[in-house]
Amino acid sequence: MDWADELAASVDGPQVVNDSKTPSGTVHVGSLRGPVILDVIARALRARGTTTSLLYGVDDLDPMDAQALLTPDAIEHEMGRPLAHVPDQAGDCHASYARHHAQTFIDTFAGLGIHPDRYYWMSDLYAAGTVDPYIRTALDRAEAVRAIYRRVANVQHPADWHPLQVVCESCAKVGTTIVTRWDGERVFYECRPNLVTWARGCGHAGLVRPFGGRAKLGWNLEWAAQWSIFGVTIEPSGKDLSTAGGSRDRADAIAREVFEREPPLNVPYEFLNIGGRKMSTSKGLGVAAHEIVRVVPPEQLRLLFLRPRPQTAIEFDPSGSDAIPRLFDEFDRLADATAGRPVRGELPAGHESVFRYSLLDPQADVAGIAAAFRPAFGHLALLRQIPGVDIDARIEAEKGAPLTPLEVATLRERAAAADAWLATFAPDKARIAVNRERLPDEAEALASDQRAWLARLAAAALDPNGPPRSGDAWQALIFATATDLGLAAGRAFAALYLAFLGRPNGPRAGWLLASLEASFVVERLRAAAGEPGKETS
RNA sequence: GGGCCGGUAGCUCAACGGCAGAGCAACUGACUCUUAAUCAGUUGGUUGGGGGUUCGAAUCCCCCCCGGCUCACCA
């Protein structure tokens, strides 16, 4: 964890770490990198004893622009209105659309162990008059703001443009209005039908005191105002904002030149790419966000996001790959190292921090958690596919002692994740399916000594006391018959897997056979041996 | 067009001025209850290309190639 600890070591004095988000819709997994980085920075600062507060803003006075999330008849009326004023479409008792969607990301953050000291709502700050001084300054210095836009972003606003949008007194929209005059107390604004493509203004014009929530600063100015209001010292931002001439450059310049305050330290971060492409559920590229959350538990997801340096793009391609099992393995390796168990291979720099920051609870008993027994994900995925396996008993046997409550919880979490993985991303080679219809084509590759042994096993299964009933019994019979014929155990097992699974390896064969009906097993053994199967009486 | 990130073993990545490494995969061997386990070992590299700085460059500088993201309207 070089990056967060280094960052924490590079700053002096109390720190205010901030981020904010527009509650316009659901949160997708790629967008969780920012909050994780934010949280890790705060934890790293606190680990050094730095007084730190972690803030998260809800930009709920931003205009509604997510058409897809509205009912068709609500689009004309709601598009362009402040999110805080749009009714909750879900109708589940939230005061507004903004409250509803903000709640989903607050819940998501909490699920990832991210608990800001305070959530603040821009609609509240505007209503309370907290933003008014910045509105006044921005209007007084509108020419300076326009100059910044020209210089920094090469954006040429009209000479009468002002960095403020009034909530229209007639139609209540904020996304459609433009301010063209400021007399020191009131602004003149127009609600234009065609100012933006995604919402239609009503044509109203008026003169209004733009304070107390009746108007909203432009995005870049609102950002800079937040910094001044809260004394923000560190604020990460995604590459979409951190690009040259982008929002962050503009907000930085506005902070310095208009609000006369040094902007916070930026920690630009890259995104999460799925298979080399930006994760996008809407385009059908990559993977739906909610699926990943089901397959990757919170602590592994934190690890995924915090292990690389923020400015490094994360390539994550869970589909048909071992990326997810590897993520679990890496987590377990870090746990082993933290617990003082021997670990193969190299460890990342500052691996203790990487593990500690991956945990949900910042106050967690790191040593105790690291020492806990964790079943390997790939192994668990295998066990989940074998019928009749008592997973709890099996894992407990592997540990060699009763599982603690924490270990049981980990096992449950991983078993669920393994099931979800097998149902979605797992490569075919990770899936075990007994081919019940017919002998797999791959069984043609069986050698004559293997076929002879399969016939022998089939015969042995029928005499003298009927087929084995347990995995142990099958396993014993497999070894006994193979030894009789002088067949190496490895070749015997390979023959079984080819006959039943169509592949040269598989799960513990005795238990696999025990999970199937004996008649089917015998029939298949004979078929694979080259004997007629159906005709056996 | 501007910006950012990346290109190192088959895959995922580390090394950030001092002998190019790990995990996984592959391959070899061991193991009579093991068969995706465990253990031991092996293979695998012109660090995208070219120049420069340096006693020494994957690492720093310049140019180029490739891949990706992002901005340029709004937030």
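Naming: A, B, ... by sequence-line order, numbering from 1 per chain.
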I need the [atom1]-[atom2] distance between [X] and [N], as an integer number of Å.
| X | N | atom1 | atom2 | result |
| --- | --- | --- | --- | --- |
| A/Trp3 | B/C16 | CH2 | P | 19 Å |
| A/Asp249 | B/G3 | CG | P | 12 Å |
| A/Leu221 | B/C74 | CG | P | 12 Å |
| A/Leu496 | B/U35 | CG | C1' | 10 Å |
| A/Asp332 | B/C24 | CG | P | 13 Å |
| A/Tyr497 | B/U35 | OH | P | 7 Å |
| A/Leu241 | B/G3 | CG | P | 18 Å |
| A/Arg333 | B/U12 | CZ | C1' | 12 Å |

With sugar-phosphate meaning primed atoms plus P, OP1 and OP2, does [X] contact a base, only sugar-phosphate, or nothing at under 4.0 Å between heavy atoms?
| X | value |
| --- | --- |
| A/Ser247 | base |
| A/Asn154 | nothing |
| A/Glu270 | base |

Candidates [options] - which lies nearest the side chain of [X]:
| X | options | answer |
| --- | --- | --- |
| A/Arg309 | B/A75, B/C16, B/A72 | B/C16 |
| A/Ala244 | B/U70, B/G2, B/G68 | B/G2 |
| A/Arg250 | B/U35, B/C5, B/A72 | B/A72 |
| A/Val155 | B/U70, B/A75, B/A72 | B/A72 |
| A/Thr22 | B/A75, B/U35, B/C5 | B/A75 |
| A/Arg326 | B/C71, B/U12, B/C74 | B/U12 |

Considering only the [atom1] atoms, how many Å lie between [N] and [M], rounded to the nearest integer?
| N | M | atom1 | answer |
| --- | --- | --- | --- |
| B/G45 | B/U38 | C1' | 30 Å |
| B/G29 | B/C66 | C1' | 42 Å |
| B/A75 | B/G23 | C1' | 42 Å |
| B/G44 | B/U8 | C1' | 13 Å |

Using Watson-Crick or G-U wobble geometry with both distances under 3.5 Å, which nucleotide pairs with B/C19? none
Indicate the ring-plane relationship of A/His157 and A/Trp161, choosing parallel, tilted or perpendicular according to the 30° and 60° boundaries.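 Ring orientation of A/His157 relative to A/Trp161: parallel.
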Kindly state whether the ring of A/Phe377 and the ring of A/Phe331 have centres lying under 6.0 angstrom apart.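 No, too far apart.
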Do A/Thr243 side-chain and B/G2 base share a donor-acceptor contact under 3.5 Å?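 Such a pair exists between side chain and base.
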Flag for A/Trp219-A/Ser247: side-chain donor and acceptor within less than 3.5 Å: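 Yes.
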Looking at A/Ile75, is its backbone amide N or carbonyl O close enough to the side chain of A/His77 to form a donor-acceptor pair, meaning the two atoms are under 3.5 Å apart?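 Not a single qualifying donor-acceptor pair exists.
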Residues A/Glu299 and A/Arg302 bridged, charged N to O under 4.0 Å: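 Salt bridge: no.
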